[in-house]
Structure formats: structure tokens, C-alpha cells
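Worksheet: the structure to be examined is printed underneath.
Just so you know, these numbers use all the heavy atoms, side chains as well, and skip hydrogens, waters and symmetry mates. Just so it is clear: chains get the letters A, B, ... in the order the sequence lines come, proteins before strands, and each one is counted from 1. All of these numbers come straight from a predicted model, not from anything done at the bench.
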Amino acid sequence: MAEQSAEKTAGKSPSQHLFAAVLARVHAVCATLAAEGGWPADIDFSRVVVEPPRDATHGDMATNAAMVLAKDARAKPRELADRIAEKLRADDLISAVDVAGPGFINLTLKPSAWIVELRSVLREGAAYGQSAAGAAQKVNVEYVSANPTGPMHVGHCRGAVFGDALSNLLQFAGFEVTREYYINDAGAQVDVLARSAFLRYREALGENIGEIPEGLYPGDYLKPVGEALAQEHGDKLKAMNEAAWLPVVRNKAIAMMMDAIKGDLAALNIQHEVFFSERSLIEAGNNKVAETIDFLRAKGDIYEGSLPPPKGKPVEDYEDRVQTLFRATAYGDDVDRPLIKSDGSYTYFASDIAYHKNKYDRGFRDLIDVWGADHGGYIKRVQAAIKAITGGKAALDVKIVQLVRLLRNGEQVRMSKRSGDFITLREVVDEVGSDAVRFMMLFRKNDAVLDFDLAKVIEQSRDNAVFYVQYGHARGHSIFRNAREEVVPDLPEEAGARIAYLAGAAVERLTEGAELDLLKRLAVYPRTVEAAATAHEPHRIAFYLYDLASEFHALWTKGRDLPHLRFIINHDAELTKARLAMVQGVVSVLASGLAVLGVHAPTEMR
RNA sequence: GCGCUCGUAGCUCAGCUGGAUAGAGCAUCGGAUUUCGAUUCCGAGGGUCGGAGGUUCGAAUCCUUCCGAGCGCGCCA
């Protein structure tokens, strides 16, 4: 039933969308004036923008060209604006130009401009809004990276959804995206996992293990691991000492936990291309961490020294000792950071440097990590390390996702049912569905705390943004069904055929103000995609979709009182087709945006 | 003590990388309303953008400094 628009459209030329087209014309005018007026040759047009004015009464678009260029052109902004405006008036897209305020140039486009844009939507279908801005540049997005010590709990899901939607968005904007998961399978916590699983193994062999001791993972989810071990090894492991059985049990437990996690992610429609094992970095004979430290040492970024004791809460067993330190302060961090623990093993940071170096070595220059709020203090040191390793040739953007407060009808839901047993991601998805989870996780800026109300997100009302947007898409299809029965019997059902059919409609008959407003809303989609992609902010897509759906619903509602505004006009098949073409434009863009968010676009709301 | 993030209408939040008179949804108040299947619409009131300085044609947005909240602060991951 869902009509996803994820179809690959590679090779298709991206649309020169309307704002970009007008910007190009403004640039052309400025270039002409520059030639005529003898402006400096190196004049920079990059700050010139064309954007929707805050107040729609000012026109359709506004440009700051005159204000930005005035200084270099040695002219007063208003005067320069007048000269630019005069030339723009000759443009065939533009019906009115006026200069306002300190030198804004307001442009009103001819209605035909929006009609033409609608034709692009219909021609490009799912590809509309796609951009070449990424220029096929490789981007690595690392997200989730939950420890493989148990199933995913609700705390993980925001970062998971955010990273996934951001990846979709970047892909749609023309980047070549790799979705990556870093498996922390080398630290002490996986040894704890192994010991916990070993207990379950003994249990599976019939032993009474009693209470799970403090410090081990108590969850029932380890029982299947114990059973699998018993099946595979019988009681052989019991005879071994810990040093012998631990790696065996650990590998099995990690593998099974990762399977569980992948299943949880699949329930949210998330798939990574690369699962990168931390342990693989320190394999005997191929120790990437040691290599990385040597690499940094050769650059003079490693030294032996001691650090001042940490401020804030005192560390009980603090011992002042000389250790191997990375000179993070030389790259913007606050203190230098240790790389080797007193037992000789590497710190997490040390392997993390090696891991990020590995990303760089694989050709990534654009790195994005999605982390939870409690890791905020870790950003500077990793960025410092990347600066040191790549000589500033790669950039890491760390996106911090804030906490989610889980509510039910406004009452806070306790995150752990009893000690050690968190509400799992799967429970939440099972209760409200992945669409609700995904959309609501994205309907807020990533760095703001988010309230997630289990009751509200399945409500069918305007309050519930997921419903409202999906309903917009479904309503479009409902209109198609009705139209087919009443006025346009040969309207194809299949999306591609329907779009092709409607592309031939007499869309120039769309002349109502409210209709043109809706077309204008469609036209800002490509811009929204680009802006959201460059800012790494998928939430902008969610808000855009909410606005578009609102406007669409509003127009539908107007038809209730004003029959001439209805989409289906019984006595006028040509006009009906034109309006269906507009509805199709809305449906296409809603489906496109929802696909970016990873949310289904249903054709009915049952 | 230091660092990071945040502070916008009564509430929940947008604000398009510096643009014009700061927006939306709830809530409140005032109207309208038997639907092209699917739980409405229009309007109004409500703001020193935490405070104070600064940068410039122009600041919610950038800088400085206070106030308040959250997170973090050698050999945890």
C-alpha cells in the first residue's frame, strides 16, 4: 500500500530549481553591471542569495545583492539596487521588481513560473528536489554504534533514526554516503558480557546459578546465548580456565548480540553498509592502534608526561604517573589525552583515533559522527586527533542527539522497568510503529531535548504531525480514487503512469491564489533539501512536510464552502485534470520527503 | 573550577548559517460549520528573543560578560 519514492534516479540531471534559476539571473545581471561599471575583478558574488521573503506581501523572492555588493561596487545600496532592479524587470520569469528597505530587491514572479515548476515536479517525479550539491563526494556517517552487550533500548533510537535520515538526506542531495556502525567489541564491557553469558551457559547445562552477581549483565536476553553455547560445546568449556573460554564465549555473545541489534534496527528500517570492529584494529600482526601512535609520534604529537589531577569531583585512587599522551592541546583541545592505560592496553580514545584514521585512509574527507548527549565532552579531542592525523584535510562534524523523555498521556514513563532492564527499542516500535517513532524523532532539532508521547503519536489529529503528514499523502490518493469514479475514469492507478498522464494536463488553468500558493510551497522543496543537507539537519524536512501538508489540507477544506475551489469539478474534466496534476505534485513531494525521513507514505489511513 | 549544549508567546517548538513589522501548533477569547470517505475552518489577544554591552547599513542569529538549566571533566566505553 505504501508508495515509496526511493527508486534510483541516477543519471537523471538534477533540476535547476527555481530559486537557483533566479539566483543565476541575478548573478548575470550583476556581472553585466560589473563589466559596465568597472567593478573590481575579484568581486565575490557568493554572498548574494535569493530567498523567500519573511513576509509574503513583499513578493515571491528577495535578493540582498545590492547590499552585499555595494561596498565593492563603491555604490550606495539603494542606488545599486535600483540599477539591478531595472535590468531584472526585463526578465521573462519576473513580473514585478521593487526596491525596499535598505536595498532589498523584491521579485514577484509571473504565475507561469510556478506552473513551469509544477511541470518539473511532474516530469522528475521522485527525483524532484534531488540535488547535485554533494557532487558525489564521499561522506561517512557513523551512527548507533551501541555496545554489543544487549538489545537496543529507547535511549538509542533517536541517534539511530537521526543518523539514518541524515544519510538519506545527504544521498538525496548528491553525496555518496556510507552508513557505518562501530562495534565496541574490545573493551572491558565485552569481557563482562562474556562472563555473564558463561553463567547462562552453566545454567543451560542444568546448573542452578542463583542470583546474577552484581557487576554482570542480568538480562534474560543472554539465556539464548548460554543455550547456544551449550549446544555447540557441550560441557567442554566448563573444564577450561577463564583465559581459555573467555574469547570463545565472547565471540559467540557478541555475534548474537549484534544479530539482535541488527534485528532491532531492521524494525526501524535501518541498515548499515559497514560494521567496523574495534577489535580488528588491534589484531596481532596488524596493530593499527600502534601504527597510528607511531604515526603521531613521528609528527611530534606524542610525548611521555603526567597530567594535572582533574578538577571537579576528586578521583579517589588518583595516582600521578607518567604516561603516553597525545598533544591534543596543540589542536584545540583543553588538555592532552592519555593513550595507554597503566596495564599497557590502549585507551578507548587511542583506538578511536586509529578508527578515524582508518576512515580517512578509506578516502573519506567528510566525516559525521552521531553521538548521545553524554559524549559531548569527547568532541574536541576527536576533532583534535583528526586535525593532527589529516593535517586539516578532513572535517568531522559531530551531531549530538539530546535525551528523549518517554511519556504516555503526558505522564513520564520510567525508562527501566526494574534494575538493569530497560525499555527496549523493540517494545516502543511494536507499540506505536516505526513511522511514528521515526517521524517524531525528527520533528525536533537534534540538540534539543525531545518529549515522545506514546499515546499522542498514534492519535489521528492535527496535533499529531506524523498522522497529519501521512494523511496528506493519503488524502491525495483518495482524491485520485474519487476523480476516477466521477470525472477522469482513465486516470491510471500506478504512480508512474499516473504522473505521466497528469503531466499532459492543462496546468496553466491553475490560477487561484490558493493554488499558486501551494505551488510556491512545492517550489521551495529543492531549496529546503539543500539547506537541510548542508546544515546536517534532517528535521527541516519534517517541518517542511508538516507545512506542506497543512497548506494542502487547508485548500481541501476551503472547497467545502467554496465549491469552485474543489479539486474535482464535475462539469470540467480539463480543470479537474489540472488540479489533479497539482495534487500529484503535492503527493510526489510528500512521498519524496517522507522517503528521506524513512517514513511510509500510505495511500489510505485505515 | 573548566568545557560543551541549551534559554524565543501561558505551554510545546520553528526561525532557511546576518535581513525587512520575530512565526506555527496547542491553550485562551470571538465567530463559522451535516464532510470531494477518513475527527474542522476563519479571526483576535498574547514577546524588553534570559540580562547587559559590542561588531555593521541590519543581530534571536556573530563576539564579550553575567544569570539560569542539562551533560561531561586522567588509566569508562
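Within the nucleic acid shown, A/A474 comes within 4.0 Å of at least one base atom, counting heavy atoms only. The residue A/Y346 sits apart from the nucleic acid: no heavy atom pair falls under 4.0 Å. Nucleic acid contact class of A/A531 (heavy atoms, under 4.0 Å, all strands): sugar-phosphate only. If you check every strand for non-hydrogen atoms under 4.0 Å, A/N570 touches nothing. If you check every strand for non-hydrogen atoms under 4.0 Å, A/H553 touches nothing. Using a 4.0 Å heavy-atom criterion, one finds that A/I568 contacts the bases of the nucleic acid, with or without backbone contacts as well.
Comparing A/G187 and A/L403 by the nucleotide of RNA chain B that holds the closest heavy atom to each, the one mapping nearer the 5' end is A/L403. The residue among A/S478 and A/I340 whose nearest nucleotide of RNA chain B lies closer to the 5′ end is A/S478.
Taking the side chain of A/T347 as heavy atoms from C-beta on, and the options B/G74, B/C16, B/C75, the nearest nucleotide is B/C75. For A/K341, whose side chain is taken as the heavy atoms from C-beta onward, the closest listed nucleotide among B/A38, B/C76, B/C16 is B/C76. Considering only side-chain atoms of A/D334, the nucleotide from B/C13, B/G3, B/A77 that sits closest is B/G3. Candidate nucleotides B/C75, B/U5, B/A38 were compared by shortest atom distance to the side chain of A/R321, and B/C75 ranks first. Nearest nucleotide to the A/K445 side chain, out of B/G7, B/G74, B/A77: B/G7. Minimum atom distance to the side chain of A/Y468 is reached by B/C41, of the listed B/C41, B/C71, B/U39. Proximity note for A/R475 (side chain, C-beta onward) versus B/G7, B/A38, B/G74: the nearest is B/A38. Here the side chain of A/N147 is nearest to one of B/U35, B/A14, B/A77, namely B/A77. Distances from the side chain of A/D374 to the nucleotides B/A38, B/U12, B/G72 place B/G72 closest. Counting only heavy atoms from C-beta on, A/R444 has its side chain closest to B/C13 among B/U39, B/G74, B/C13.
Remark: side-chain polar atoms of A/T63 are not paired, donor with acceptor, to backbone N or O of A/V50 under 3.5 angstrom. Using modelled atom types, one side-chain atom of A/Y525 and one backbone atom of A/G593 make a donor-acceptor pair closer than 3.5 Å. Judged purely by atom type and a 3.5 angstrom limit, A/R444 has no side-chain atom pairing as donor or acceptor with the backbone of A/V449.
A donor and an acceptor atom, one from each side chain of A/T324 and A/E304, are located under 3.5 Å apart. Counted by atom type alone, A/D369 and A/H375 present zero donor-acceptor pairs between their side chains at under 3.5 Å. Checked by atom type, the side-chain pair A/S131/A/E530 shows a donor-acceptor distance below 3.5 Å. In this structure, a donor-acceptor pair under 3.5 Å is absent between the side chains of A/N106 and A/H58.
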Produce the list of close N/O pairs, under 3.5 Å, pairing protein atoms with atoms of nucleotides 18-20 of chain B; give distances to one decimal.
| unit_1 | atom_1 | unit_2 | atom_2 | d |
| --- | --- | --- | --- | --- |
| B/A20 | OP2 | A/R54 | NE | 2.7 |
| B/A20 | N6 | A/N106 | OD1 | 2.4 |
| B/A20 | N1 | A/N106 | OD1 | 3.1 |
| B/A20 | N1 | A/N106 | ND2 | 2.9 |

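Outside the 6.0 Å centre-distance limit, the rings of A/Y181 and A/F276 are not counted as a close aromatic pair. No close placement of the A/F439 and A/Y468 rings is indicated, their centers lying 6.0 Å or farther apart.
Here, B/C41 and B/A60 have their C1' atoms 32 Å apart, quoted to the whole Å.
Annotated as syn: B/U17, whose glycosidic dihedral is within 90° of 0.
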(request) Could you please spell out the steps behind the side chain to side chain contact (heavy atoms under 4.5 Å, CB included) verdict for A/D352 and A/H356? (result) CA-CA 6 Å; A/D352 218 14; A/H356 282 88; 3.6 Å; yes
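Residue A/W556 and nucleotide B/C36 are classified as a stacked aromatic pair, their ring centres being separated by less than 5.5 Å at an interplanar angle below 30°.
Scanning RNA chain B for stems, defined as runs of 3 or more consecutive Watson-Crick or G-U wobble pairs whose donor-acceptor distances all fall under 3.5 Å, gives the following ranges: B:1-7 with B:67-73, B:10-13 with B:23-26, B:28-32 with B:40-44, B:50-54 with B:62-66.
Rounded to an integer number of Å, the gap from A/F443 CZ to B/A24 P is 14 Å.
Interatomic distance, CD of A/Q470 versus CE of A/M605, reported as 5.0 Å (0.5 Å rounding).
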